[in-house]
Amino acid sequence: MDRTYDEKLADFEARVGRGEKIEPGDWMPEEYRKNLIRMMSQHAHSEIVGQLPEGKWIPYAPGFRRKLTLVAKVQDEAGHGQLLYRAAETLGKSREDMMEELLSGKAKYANVFNYPTPTWADVGVIGWLVDTAAVINQTMLAQSSYGPYARAMKRICYEESFHIKQGYDIIAALARGTPEQRKMAQDSIDRWWYPTLMMSGPPDSLSVHSQQALKWRIKTKSNEQVRQEFVDHIVPQIRALGFEVADKDCSYDKTSGHYRYTQPDWEELKRVINGDGPCNKERLDARRKTHEDGRWVREALAVKGRKSAEAA
Ligand code: COA
């Protein structure tokens, strides 16, 4: 006899509750599928657009070793995007549709990548601060109930952890440098502080999707928990290098065992993720141009694929 929706839902929730992974062919509530597609495609777009602010610095990287590492890092981000599009495709959404949503401006991607990178220190700060925030979030997502997402996260976290070292190494070198180099690093830390705090998402009271995502273990920690973990982890590191935290009120609270910090401007997050950040236009224009430039490759591959299928 066919099981009712409620029976299937109870079975699904019991599996999630036991910590089992949900796999592509398994029954899942439509809202679970939609929430995952939304989050995973936004995540994939973030990896792809995230290549741009740092990629700009490849020709100007100071020295051969820095250039090689930066090229490898930017390539890693492209690979992460591919892994995540592939994982999202397992939920029935085509890559073409996801790409169309990005290029038309309908889809969101991480707020941070809409800010400019005017100095070399920004490359270091993206690797160190932004990727630390990303890894803390992604380590949590590696426990996600959806198998393909959780597995993609494990691989991505290994590589992102290396990116953090690359970023830290750049900033540590600037910290040992001239007063001008130290100032360049401090200015960059200041500029990226609030955008990086925003990266973990709005406060729990303003978050639209968290409640459902937590219930079905798409996410295993709330936006605020992830942000607090980031602050607790990074503030001592910033100070250990002799730099200051942009938030002058940021202080350690002995009672809670956490750093208190000033909330970012949540209206700014809304503006930036809805298309009105300092570099949104530049980022999307660059993606659209790359997509057009690569059209002949996609078309050639499609013809080759058709011919191989006919010959088989
Ligand atoms: N950048 C861009 N968009 C953001 C954002 C950010 N930092 N924080 C929140 N948003 C968007 C959400 O995507 C959502 O938009 P939508 O309803 O149009 O899809 C909206 O703001 C409300 O946020 P919320 O309800 O809290 O969304 P959420 O439960 O998906 O949490 C994230 C937001 C970013 C924490 C979550 O999506 C996530 O962990 N994503 C995967 C990690 C990722 O994308 N990292 C990118 C850097 S590599």
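Just follow the structure's listing: the first ligand is 1, and inside any ligand the first atom is 1.
A donor and an acceptor atom, one from each side chain of Arg283 and Asn280, are nowhere located under 3.5 Å apart. With no hydrogens or angles considered, no side-chain donor-acceptor pair links Trp216 and Glu31 at under 3.5 Å. Residues His45 and Glu101 have side chains that never bring a donor and an acceptor to within less than 3.5 angstrom of each other. Side chains of His163 and Glu160: a donor on one and an acceptor on the other come within 3.5 Å.
Qualifying salt bridge (charged side-chain N to carboxylate O under 4.0 Å, His left out) partners for Lys281, counting only residues two or more places apart in sequence or in other chains: Asp285.
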Present, as a list of atom pairs with distances to 0.1 Å, all nitrogen or oxygen contacts under 3.5 Å between ligand 1 and the protein.
from: ligand 1; atom 1: 1 (N); to: Asn111; atom 2: N; distance (Å): 2.9
from: ligand 1; atom 1: 7 (N); to: Asn111; atom 2: OD1; distance (Å): 3.0
from: ligand 1; atom 1: 7 (N); to: Met198; atom 2: O; distance (Å): 3.3
from: ligand 1; atom 1: 7 (N); to: Met199; atom 2: O; distance (Å): 3.2
from: ligand 1; atom 1: 13 (O); to: Arg38; atom 2: NH1; distance (Å): 3.4
from: ligand 1; atom 1: 13 (O); to: Gln42; atom 2: OE1; distance (Å): 2.6
from: ligand 1; atom 1: 13 (O); to: Gln42; atom 2: NE2; distance (Å): 3.4
from: ligand 1; atom 1: 17 (O); to: His209; atom 2: NE2; distance (Å): 2.7
from: ligand 1; atom 1: 18 (O); to: Lys108; atom 2: NZ; distance (Å): 2.5
from: ligand 1; atom 1: 19 (O); to: Arg38; atom 2: NH1; distance (Å): 3.0
from: ligand 1; atom 1: 19 (O); to: Gln42; atom 2: NE2; distance (Å): 2.8
from: ligand 1; atom 1: 25 (O); to: Ser207; atom 2: OG; distance (Å): 3.1
from: ligand 1; atom 1: 25 (O); to: Val208; atom 2: N; distance (Å): 2.7
from: ligand 1; atom 1: 25 (O); to: His209; atom 2: N; distance (Å): 2.8
from: ligand 1; atom 1: 26 (O); to: Ser207; atom 2: OG; distance (Å): 2.7
from: ligand 1; atom 1: 26 (O); to: Asn223; atom 2: ND2; distance (Å): 3.0
from: ligand 1; atom 1: 29 (O); to: Lys219; atom 2: NZ; distance (Å): 2.7
from: ligand 1; atom 1: 30 (O); to: Arg38; atom 2: NH1; distance (Å): 3.2
from: ligand 1; atom 1: 30 (O); to: Arg38; atom 2: NH2; distance (Å): 2.8
from: ligand 1; atom 1: 31 (O); to: Lys219; atom 2: NZ; distance (Å): 3.2
from: ligand 1; atom 1: 39 (O); to: Asn137; atom 2: ND2; distance (Å): 2.8

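The pair Lys73-Glu77 meets the salt-bridge criterion, since a charged nitrogen lies less than 4.0 angstrom from a carboxylate oxygen.
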